[in-house]
Undergrad: 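Below you will find the structure I want to go over with you.
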2 protein chains.
Amino acid sequence: MKSEKISDAVVRRLPVYLRYLNELSRREVPTVSSQELGQKLDLNPAQIRKDLAYFGDFGRKGIGYDVSYLIEKIRQILNLDQQINVALVGAGNLGQALSNYNAYLRDNMKIVAIFDTSAEKIGTQINSITVQPIEELVETVRQNHVRIGIITVPNIEAQRVADQLVEAGIGAILNFAPTILKVPSDVRVHAADFTTDLMSLAYYLNAGKEVTVDES
Amino acid sequence: MKSEKISDAVVRRLPVYLRYLNELSRREVPTVSSQELGQKLDLNPAQIRKDLAYFGDFGRKGIGYDVSYLIEKIRQILNLDQQINVALVGAGNLGQALSNYNAYLRDNMKIVAIFDTSAEKIGTQINSITVQPIEELVETVRQNHVRIGIITVPNIEAQRVADQLVEAGIGAILNFAPTILKVPSDVRVHAADFTTDLMSLAYYLNAGKEVTVDES
DNA sequence: TAGATTGTTAATCGATTAACAATC
DNA sequence: TAGATTGTTAATCGATTAACAATC
């Protein structure tokens, strides 16, 4: 175990490991090797061992990793051994879809507040949470110890919402708007805009694929 | 302009450039420098110049890049000078939210087919597209020249859907399910699962707690 | 013990950044 | 011309992979 700074690439792989480990746990598989993990997750086994070794000696030589123990450790590393309160800003189509995903409850993340500007939406219930006006964001976020904000508002509003989340003391933002947010360096932002993703995918379609006739 | 193979990191930045260039175009700004782009997009100017230079000499020394011309060029590179047909598989909350995003229409991407397994959903209209049973996927995708598939089905079904999309000759997949899909190497897959993103964000919340110590 | 597999160091590979001649 | 900015090479930085002693 080293006290190096961990790269974001490493951090982003931890949830991927966790997810497959949970599946193994459900199937009551007791241990797993880096080789098996690598095969299943399309990663190099050495990379997996190195990733995990940044945080401790979790494996056993000749045996592999104890599934339950590794799950526990990764959850600790990701701060998912405690409940993480999340606020959702923007109760449009996408925001509503995300709030209905209770999948992350299992991972100890919980949406505890939803905000919107539209008079029609304010006061309605989404997943048993009352939509609040955005003016209440700073106070509510502070009071409820919200740590992560999800932004699903239109592009033009995104930066303003981010500013308010920062003011309220948020630690991280998941941004679905296609805007580069300007935030202090101690606030982490991940871009989650799927249209950017789609556009980059289009690049890979030029493999001479203008073929309409398929002989197979 | 070199005939090197372009890395995915470069390709993923192109839509980011394109988006800001579109904004400049709307504001009728005629030219932009790599420095200005870099500042706005939090990127190194040299990196931007290098990215663009992979594809051609688009800039003018002493002047910068002509906004309209660069937009046209990036759209060509990304194959967005032609309409890209997209199929959406999974008409749940998230799928419906994505289908309503008409934003990508502007980028020449169009959802032309939607599939689901649920009897309640089949036959209903989403954004004036009739939801079809998943059994019709292969044929419809082939007939409509669909190039990209978006997967928004539950985890357990994701691989099966991917297999069908591949069978139908799709070129790329945007996968919202938290599963590592196994596809032939000529099919590009981008993971778009936001819960993975959220979990990795949680890692960065330990700011209140222990401070990372370097030098040991 | 023999086979398996980790943790870790060293080697490799790839991506980012700095620097600058060319030139608008 | 003087200032600005590109395209590109070289330098740097960082991430991935290979290799292997340690050891279960």
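Below, chain A is the first sequence line, B the second, and so on; all start at residue 1.
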Undergrad: In whole angstrom, give the distance that lies between atom CD1 of A:I48 and atom P of C:dT8.
TA: 17 Å
Undergrad: Please determine whether a side-chain nitrogen or oxygen atom of B:Y65 lies at a distance below 4.0 Å from atom OP1 or OP2 of D:dG7.
TA: yes
Undergrad: Compare the minimum distances between each of D:dT17, D:dT6, C:dT6 and the side chain of B:S33, then state the nucleotide with the smallest one.
TA: D:dT6
Undergrad: Below the 4.0 Å mark, does C:dT16 have OP1 or OP2 next to a side-chain nitrogen or oxygen of B:R13?
TA: yes
Undergrad: Determine, for A:E36 against A:K40, whether the closest basic-nitrogen to carboxylate-oxygen distance falls under 4.0 angstrom.
TA: no
Undergrad: Looking at B:R60, does any N or O in its side chain come under 4.0 Å of the phosphate oxygens OP1/OP2 on D:dT6?
TA: no
Undergrad: Rounded to whole Å, please give me the gap between NZ in B:K50 and C1' in C:dG14.
TA: 10 Å
Undergrad: Answer yes or no: is there an ion pair linking B:E23 with B:R27, defined by an N-O contact shorter than 4.0 Å?
TA: yes
Undergrad: Where do B:L80 and B:D107 come nearest, in terms of heavy atoms and distance?
TA: CD2-O, 3.4 Å
Undergrad: Closest heavy-atom contact between A:G149 and A:L165?
TA: CA-CD1, 4.2 Å
Undergrad: Over how many whole Å does the gap from B:Q47 atom CD to D:dT8 atom P extend?
TA: 17 Å
Undergrad: Taking everything shown except B:Q164 itself, do over 12 heavy atoms lie less than 6.0 Å from its CD?
TA: yes
Undergrad: Ignoring the backbone of B:A9, work out which of C:dT16, D:dT17, D:dT6 is nearest its side chain.
TA: C:dT16
Undergrad: Take B:D8 and B:H190, measure what side chain to side chain contact (heavy atoms under 4.5 Å, CB included) needs, and give me the verdict at the end.
TA: CA-CA 11 Å; B:D8 191 48; B:H190 280 183; 3.7 Å; yes
Undergrad: Quick check: on DNA chain C, is the nucleotide nearest A:A46 upstream (toward 5') of the one nearest A:I63, or the reverse? Name the residue that is more 5'.
TA: A:I63
Undergrad: In whole angstrom, give the distance that lies between atom CG of B:D42 and atom P of C:dT17.
TA: 11 Å
Undergrad: Output the rounded distance in Å from CG (A:L41) to P (D:dT17).
TA: 14 Å
Undergrad: Does a side-chain N or O of B:S34 approach OP1 or OP2 of D:dT6 to a distance below 4.0 Å, or not?
TA: yes
Undergrad: So that I can tick it off, tell me whether B:K182 and B:D163 are bridged by a salt bridge, with the cut-off set at under 4.0 angstrom between side-chain N and carboxylate O.
TA: no
Undergrad: Return the value, rounded to whole Å, for the distance between atom OH of B:Y54 and atom P of D:dT8.
TA: 11 Å
Undergrad: For DNA chain C, produce a single dot-bracket line, 5' to 3'. Pairs: Watson-Crick or G-U wobble, both distances under 3.5 Å. Symbols: ( ) within strand, [ ] crossing, | other strand, . unpaired.
TA: ..||||||||||||||||||||||
Undergrad: Can you work out whether A:N44 or B:L52 has the more 5'-proximal nearest nucleotide on DNA chain D?
TA: B:L52
Undergrad: Whole-Å distance between D:dT23 P and A:K61 NZ?
TA: 6 Å
Undergrad: Measure CZ/B:R49 against C1'/C:dA15 and give the value in whole Å, please.
TA: 16 Å
Undergrad: Does B:S7 put a side-chain nitrogen or oxygen below 4.0 Å from OP1 or OP2 of C:dA15?
TA: yes
